[in-house]
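Data first, discussion second: the structure below is written as structure tokens.
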2 protein chains.
Amino acid sequence: MSNTGPEILDPAPPRAAERILQAARKLFYSDGIRAVGVEEIVARAGVTKPSLYRGFGSKDELVVAVLKQTEADFWARFELSVEAHPGDARAQIRDFFKGLAGRSTKADHRGCGLSNAMVEYPEPEHGAHQVALSHKRDLRARLRALAAEMGARDADGLGDALLLLIEGAYLSSQIFGAGGPSGVVAKAAEALMDAALG
Amino acid sequence: MSNTGPEILDPAPPRAAERILQAARKLFYSDGIRAVGVEEIVARAGVTKPSLYRGFGSKDELVVAVLKQTEADFWARFELSVEAHPGDARAQIRDFFKGLAGRSTKADHRGCGLSNAMVEYPEPEHGAHQVALSHKRDLRARLRALAAEMGARDADGLGDALLLLIEGAYLSSQIFGAGGPSGVVAKAAEALMDAALG
DNA sequence: ATGGGATGTTACCGCTCGGTACGTTGCATT
DNA sequence: AATGCAACGTACCGAGCGGTAACATCCCAT
């Protein structure tokens with residue numbers, strides 16, 4: 001009642017830009033980027049349009065900011081799998097695929113926001129395209145490196161094959177929802193690794 | 001100069017609706033559906049807007065018509081692989097994956113228009129979503145049936161794994177362009193079939 | 001030759017989009 | 001208490017969207 005001073009439990013009330021970023025991320029992910037207008041974003045964020053354009057120069061810049069955060073979260077999850085099994089590349093991959101299988105078989109999952117952005121923005125000039133492409137290139141290199149680390153004969157081939165499974169799980173998850181083919185992604189990855197290590 | 005009669009070299013000038021359908025298909029495929037306006041479509045088709053709305057009730061209906069044609073072409077290609085190797089399910093799959101690998105590693109390839117439509121239209125009510133989903137369900141069933149036909153222990157598992165590779169190639173092709181991971185999709189499919197047949 | 005379907009032409013509608021000029025609030029500092 | 005300043009809201013804009021009305025024209029079949 002009488003607490004008029006700075007809020008202790010929430011000392012930094014989320015700035016408008018942060019609320020916009022989170023609202024945009026949810027909406028872009030679930031509905032698609034082009035399908036969501038700035039009006040809907042600010043409404044969901046509980047702010048107004050000028051706040052969006054003060055924090056971000058344009059909708060496109062907001063899209064880029066959202067995708068960069070998506071990428072950061074991806075790598076955070078990925079490194080979690082890596083750190084869980086130090087020095088064991090195959091166990092790291094196995095761990096990651098296990099998590100992927102779990103996420104990809106949940107209803108309303110929409111795969112990878114970065115992959116989806118590549119579908120929505122084929123033009124190489126677009127910022128969204130560039131962020132997503134750069135991330136996928138990094139992922140490809142990372143998978144190839146892990147494949148080499150686990151001693152695969154054709155490391156690049158195994159890394160690429162694993163990437164195909166990952167992207168396939170992303171796409172299939174939003175096509176089929178729960179009970180889709182993504183349920184077998186971890187087992188398929190095992191089979192490919194078996195074959196490449198044999 | 002004096003040729004005012006019917007054109008001999010082009011005796012059946014394509015009806016407006018047909019030209020619109022083909023123009024829309026190219027544009028939707030290369031640029032994305034939401035990114036293309038009706039004005040651009042009729043310009044490319046060399047017709048005018050009322051012709052579009054006489055042949056198709058709305059843009060959404062045109063989208064559905066385009067996707068249905070895309071689906072028909074897909075099955076035509078698929079059956080070509082099947083008929084090329086009567087009674088040999090594994091050879092049929094191998095043939096299809098070979099063609100898939102070839103297409104998916106060409107620059108400017110944009111994967112599967114039906115998969116892309118699922119990304120652009122997550123809402124189950126949308127006609128584009130329904131056409132694409134129905135097709136993917138059919139494809140899943142078909143792959144599972146072929147896996148059973150070739151004697152896989154876990155036929156459903158193999159069929160789903162092959163579907164993951166296919167969708168992965170679709171997505172990867174438009175992410176990486178030429179030289180992408182889709183180049184290994186046929187080899188990966190072989191490895192999975194080997195593992196499932198023992 | 002003539003009627004009718006399909007097409008082209010032109011102009012327009014309402015709506016929503018991304019984006020902005022300008023006024024208002026609230027809080028820290030002095 | 002007055003001031004300064006950053007953050008926010010109100011109200012608006014031009015453009016492009018999907019879609020339509022009304023009318024002229026072409027071409028083919030009868």
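Lettering follows sequence order; numbering is per chain, from 1.
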Inset, instruction - Consider the side chain of A:Thr48, meaning its heavy atoms from C-beta on, and name the nucleotide among D:dC8, D:dG9, C:dG8 that approaches it most closely. - result: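 Ranking D:dC8, D:dG9, C:dG8 by closest atom to the A:Thr48 side chain puts D:dG9 first.
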
Inset, instruction - For B:Val36, report the nucleic acid contact type (base, sugar-phosphate, nothing); a contact means any heavy atom under 4.0 Å. - result: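 The residue B:Val36 makes sugar-phosphate contact but no base contact.
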
Legend entry - Donor-acceptor side-chain pairing of A:Glu83 and A:Gln92 below 3.5 angstrom: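 A:Glu83 vs A:Gln92: no donor-acceptor pair found between side chains.
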
Inset, instruction - Answer with yes or no whether the side chains of A:Lys136 and A:Ser115 bring together a donor and an acceptor at under 3.5 Å. - result: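 Result is yes, a qualifying pair exists.
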
Between [N] ([atom2]) and [X] ([atom1]): distance, integer Å:
X	N	atom1	atom2	value
A:His126	C:dG18	NE2	P	11 Å
A:Arg19	D:dA7	CZ	P	16 Å
A:Glu40	C:dC15	CD	C1'	16 Å
B:Arg15	C:dG8	CZ	C1'	14 Å
B:Ile41	D:dG16	CD1	P	17 Å
B:Arg34	D:dG16	CZ	C1'	16 Å
A:Leu52	D:dG9	CG	C1'	14 Å

Inset, instruction - Check whether any side-chain heavy atom of B:Leu100 lies under 4.5 Å from a side-chain heavy atom of B:Leu165, and answer yes or no. - result: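 B:Leu100 does not reach B:Leu165 side chain to side chain.
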
Legend entry - Per-nucleotide protein contact string for nucleotides 19-25 of chain C, where B marks a base within reach and S marks sugar-phosphate only (heavy atoms under 4.0 Å, - for neither): BBB----

Inset, instruction - Might you point out which heavy atoms bring B:Lys187 and A:Asp154 nearest each other, and give the distance in Å? - result: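 That would be NZ-OD2, 4.2 Å.
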
Legend entry - Ring-face cation contact, A:Phe96 with A:Arg77, 6.0 Å cut, 45° max: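 Pair A:Arg77/A:Phe96 does not count as cation-pi.
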
Inset, instruction - Would you verify whether the NZ or CZ of B:Arg142 falls within 45 degrees of the ring axis of B:Phe78 while also being under 6.0 Å from that six-membered ring's centre? - result: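 No cation-pi geometry.
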
